[in-house]
Chemist: 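Pasting in a structure now, in structure tokens, and then I'll have a few things to ask.
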Protein chains: 2
Amino acid sequence: MVNIKDVARRAGVSVGTVSRVMARNETVGAALREKVEATIREMNFKPNHVARGLRRRRTDMIGLVIPDITNPFFAELAKHVEAVAFHAGLSVLLSITNDDPKIEVAQIESLLKSRPTGLIVVPIQSGQSQSWRGDTATVVVDRRLQGHGLLSVDHHGGAALAAEHLIGLGHRHIAYIAGPADAPVSRARRAGFVEHLEAAGIKPEIIEGHFDYVSGEALGRQLLDRAPAKRPTAIATANDQQAIGLLRAASDLGIKVPDELSVIGFDDIPLAGLITPRLTTIGQPVEDIAKRAVAAAIAGSGVAAGEDELLSGVLVVRNSTAPVGRREAV
Amino acid sequence: MVNIKDVARRAGVSVGTVSRVMARNETVGAALREKVEATIREMNFKPNHVARGLRRRRTDMIGLVIPDITNPFFAELAKHVEAVAFHAGLSVLLSITNDDPKIEVAQIESLLKSRPTGLIVVPIQSGQSQSWRGDTATVVVDRRLQGHGLLSVDHHGGAALAAEHLIGLGHRHIAYIAGPADAPVSRARRAGFVEHLEAAGIKPEIIEGHFDYVSGEALGRQLLDRAPAKRPTAIATANDQQAIGLLRAASDLGIKVPDELSVIGFDDIPLAGLITPRLTTIGQPVEDIAKRAVAAAIAGSGVAAGEDELLSGVLVVRNSTAPVGRREAV
DNA sequence: GTGAAAGCGCTAACAG
DNA sequence: CTGTTAGCGCTTTCAC
């Protein structure tokens with residue numbers, strides 16, 4: 001493969017000059033610059049980023065560590081992170097932790113060996129800030145990690161929005177399908193939801209599961225497979241996937257949404273607006289999160305501990321929620 | 001950051017010895033080996049993969065180029081590729097082309113600068129095999145690219161399976177929602193479906209769109225928003241997302257699936273089994289594809305041109321298809 | 001078996 | 001403004 005020396009020789013200049021032309025910053029005479037650029041094109045020279053990375057002691061890559069790429073929210077996040085990074089001339093190294101703390105540690109250690117410019121991490125558990133060297137900018141997204149600032153939607157506030165919505169619709173018998181208790185994001189959403197309800201004198205029935213379709217379906221069945229009078233009139237879930245699973249359970253049990261049951265999710269994944277009924281949910285500013293994350297990673301600043309950036313979620317009302325009255329009317 | 005020299009000095013050996021210990025292949029005396037390993041642990045030494053990559057002229061990374069990570073099928077593919085790669089000690093560089101040929105070229109050129117061990121590419125169009133250097137193993141997955149072998153599910157055969165299923169159910173008035181005509185994968189699935197129907201003397205109505213929910217919904221509406229007698233009794237789609245969009249359109253128009261309309265998709269994304277009604281579809285062996293892709297990338301072999309590896313899809317019957325008779329009965 | 005030393009291809013001083 | 005040169009941290013002959 002052709003290297004900088006070949007180019008320099010052919011263009012009749014020194015390697016330093018070629019390097020400066022590529023960096024397009026230095027003061028290189030117009031004549032030489034053109035000649036070099038022509039030669040680069042002509043020889044189809046692709047500068048070796050590995051060598052450059054070695055010399056610069058940092059590569060043009062950012063590591064992205066997420067629990068699960070098949071979760072539409074993280075897929076969306078990855079998509080935007082990749083787009084913004086690419087635009088900034090960076091590549092993204094993808095790591096999937098599969099919600100396994102051991103793998104998470106291994107993945108991060110492995111990433112670090114490539115000396116990336118920055119790390120964007122959606123951690124599994126808040127415990128033990130990994131002792132990875134402070135010389136790689138780290139921005140922690142969506143879920144809290146000890147010793148780091150957090151860039152995320154305001155889980156607590158967003159969940160409160162959901163609670164408010166259900167209360168406003170007249171619901172009093174309300175259940176909540178939470179995420180795994182060891183995930184701080186679950187706790188934040190749950191707390192935001194529950195506290196808001198309790199302030200209104202309502203005590204929701206709470207049940208815990210994973211952030212996926214299957215869990216939503218199983219837990220939904222558990223909540224709904226009982227005498228109509230004992231069923232909640234509204235259920236909120238910790239994310240949209242659970243809500244979609246719940247919708248499926250309701251359908252299987254012949255329970256009409258939203259007439260007999262209101263359902264509200266969290267995330268506003270693309271699918272939320274397409275299933276039947278269209279899902280009412282709390283939308284996240286994913287693109288904005290991605291932009292800020294990449295910017296912080298590049299700036300080398302990360303998000304300082306204690307300096308959280310919490311972005312507001314927004315209530316998206318669609319067809320899975322309705323006034324409780326409708327049910328009595330039936 | 002501590003480097004190999006620091007370790008060598010502290011352990012009282014030469015850098016060569018440390019290197020050999022890490023490569024865990026050479027013949028290093030047990031005593032020295034232990035001493036070095038202890039020192040590595042003690043100093044928390046993380047070998048610099050950038051330097052190693054420079055020296056080896058190849059990094060421990062594989063590039064993964066896909067059109068759209070929010071497409072559940074590709075997310076699934078990425079998940080498995082990442083898992084297999086990680087297991088083999090490789091990192092994955094993620095590129096998303098967003099179905100834009102210009103970006104695809106730029107992404108690949110950019111990836112190559114990092115001198116990855118191999119490239120796994122889901123190309124956008126079959127045209128112009130990019131003139132990237134033959135010195136990077138390239139395995140082309142899912143969609144054909146001129147000058148390369150293809151590793152993929154058998155689109156043609158899978159679609160024929162779908163056609164066979166609908167015919168067997170007694171459907172005669174059948175429509176097909178295809179993918180974009182410029183994508184070979186669309187053409188393969190469409191051809192497999194249409195040819196099989198025509199062999200049975202049926203000429204389907206065909207309509208084209210993109211591989212996403214929105215397109216499926218719009219096209220579905222177009223196909224269904226007409227007098228009942230003029231509507232197809234069954235619609236097959238080029239992928240599950242379109243099918244899900246179609247289901248939504250049917251629901252909006254008050255058309256019962258599967259009683260009044262049978263729907264069959266392609267891919268068997270996780271969601272397919274969870275929506276209402278559960279979607280009948282053609283399942284892909286994603287994990288197997290991922291395994292083979294990574295193996296080929298590592299082996300440096302790629303998939304030789306003309307040596308396609310076509311894996312069989314499998315018909316997954318769920319609740320979105322039913323005998324045409326049911327409708328007449330209503 | 002182990003050490004010494006020559007690069008991998010580039011960037012960034014430093015000269016001129 | 002441009003050329004020269006010393007490494008970046010590792011692997012890999014080549015000696016011993």
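In what follows, chains are A, B, ... by sequence order, proteins preceding strands, each numbered from 1. Note: hydrogens, waters and symmetry copies are ignored here, and every other heavy atom, side chains too, is used.
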Chemist: Can you identify which nucleotide, out of D:dG9, D:dG3, C:dC8, has its nearest atom closest to the B:R57 side chain?
Modeler: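 In terms of side-chain proximity for B:R57, the closest of D:dG9, D:dG3, C:dC8 is C:dC8.
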Chemist: Which atom pair, heavy atoms only, marks the closest approach of B:L150 to B:V303?
Modeler: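 That would be N-CG1, 3.9 Å.
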Chemist: Please give, in whole Å, the distance from D:dT11 P to B:R58 CZ?
Modeler: 12 Å
Chemist: In terms of side-chain heavy atoms of B:V28, which of C:dT2, C:dC10, D:dT2 is nearest?
Modeler: C:dT2
Chemist: Reading DNA chain C from 5' onward, which residue's closest nucleotide shows up sooner: A:M22 or B:L32?
Modeler: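 This one resolves to B:L32.
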Chemist: What nucleotide among C:dA4, C:dT11, D:dC8 has an atom nearest to a side-chain atom of B:S14?
Modeler: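 In terms of side-chain proximity for B:S14, the closest of C:dA4, C:dT11, D:dC8 is C:dA4.
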Chemist: For A:F45 and C:dG9, give me the distance from atom CZ to atom C1', rounded to whole Å.
Modeler: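 These atoms are roughly 8 Å apart.
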Chemist: Rounded to the nearest angstrom, tell me the gap between atom NZ in A:K5 and atom C1' in D:dA6.
Modeler: 14 Å
Chemist: To the nearest angstrom, how far is B:D6 atom CG from D:dC8 atom C1'?
Modeler: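 Those two atoms, CG and C1', are 13 Å apart.
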Chemist: What do the steps show when you test B:V139 against B:L119 for side-chain contact (heavy atoms from CB on, under 4.5 Å), and what is the final call?
Modeler: CA-CA 6 Å; B:V139 14; B:L119 237 44; over 6 Å; no
Chemist: NZ of B:K113 versus P of C:dC10: gap in Å, rounded?
Modeler: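 Atom-to-atom, B:K113 to C:dC10, this comes out as 11 Å.
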Chemist: Of the listed nucleotides (C:dA12, D:dT2, C:dG9), which one gets closest to any side-chain atom of A:R56?
Modeler: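 Closest nucleotide among those given: C:dA12.
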Chemist: Using atom CZ of A:R24 as one end and atom P of C:dT11 as the other, report the distance to the nearest whole Å.
Modeler: 13 Å
Chemist: What is the nucleic acid contact for B:G29, judged by heavy atoms within less than 4.0 Å: base, sugar-phosphate only, or nothing?
Modeler: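 Contact class for B:G29: sugar-phosphate only.
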Chemist: Hey, is B:K46 close enough to B:D6 for a salt bridge, meaning N to O under 4.0 Å?
Modeler: no
Chemist: Measure CG/B:N3 against C1'/D:dC8 and give the value in whole Å, please.
Modeler: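 My rounded result for the distance is 10 Å.
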Chemist: Have a look at A:V18 and say if it touches a base, only the backbone sugar-phosphate, or nothing, with a 4.0 Å heavy-atom cut-off.
Modeler: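 If one applies the 4.0 Å heavy-atom cut-off, A:V18 turns out to touch nothing in the nucleic acid.
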Chemist: Which part of the nucleic acid, if any, lies within contact of A:T17, taking any heavy atom under 4.0 Å across all strands shown: a base, the sugar-phosphate backbone alone, or nothing?
Modeler: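 Contact class for A:T17: sugar-phosphate only.
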Chemist: Look at all strands and tell whether B:V13 reaches a base, only sugar-phosphate, or nothing, counting heavy atoms closer than 4.0 Å.
Modeler: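 Since only primed, P, OP1 and OP2 atoms lie under 4.0 Å of B:V13, the category is sugar-phosphate.
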Chemist: Tell me the interatomic distance from B:R52, atom CZ, to C:dG7, atom C1', rounded to whole angstroms.
Modeler: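 So the two atoms are 17 Å apart, to the nearest Å.
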Chemist: Do you see a donor-acceptor pair shorter than 3.5 Å between the side chains of A:S95 and A:Q107?
Modeler: yes
Chemist: Quick check: are there more than 12 heavy atoms from other residues, nucleotides or ligands sitting under 6.0 Å from NZ of A:K35?
Modeler: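 At most 12 heavy atoms, drawn from other residues, nucleotides or ligands, come within 6.0 Å of this atom.
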Chemist: What are the two closest non-hydrogen atoms of A:P180 and A:S186, and how far apart are they?
Modeler: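 Taking every non-hydrogen atom into account, O-OG, 2.8 Å.
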Chemist: Return the polar atom pairs (N/O with N/O) between nucleotides 14-16 of chain C and the protein under 3.5 Å, or none.
Modeler:
none

Chemist: Just wondering, more than 12 heavy atoms not from B:H80 lying within 6.0 Å of its NE2?
Modeler: yes
Chemist: Which listed nucleotide (D:dA6, C:dG3, C:dC8) is nearest to the side chain of A:R55?
Modeler: D:dA6
Chemist: Is any NZ, NE, NH1 or NH2 atom of the basic residue among A:D308 and A:R292 found under 4.0 Å from an Asp or Glu carboxylate oxygen of the other?
Modeler: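 Not counted as a salt bridge, because no side-chain N and carboxylate O are separated by less than 4.0 Å.
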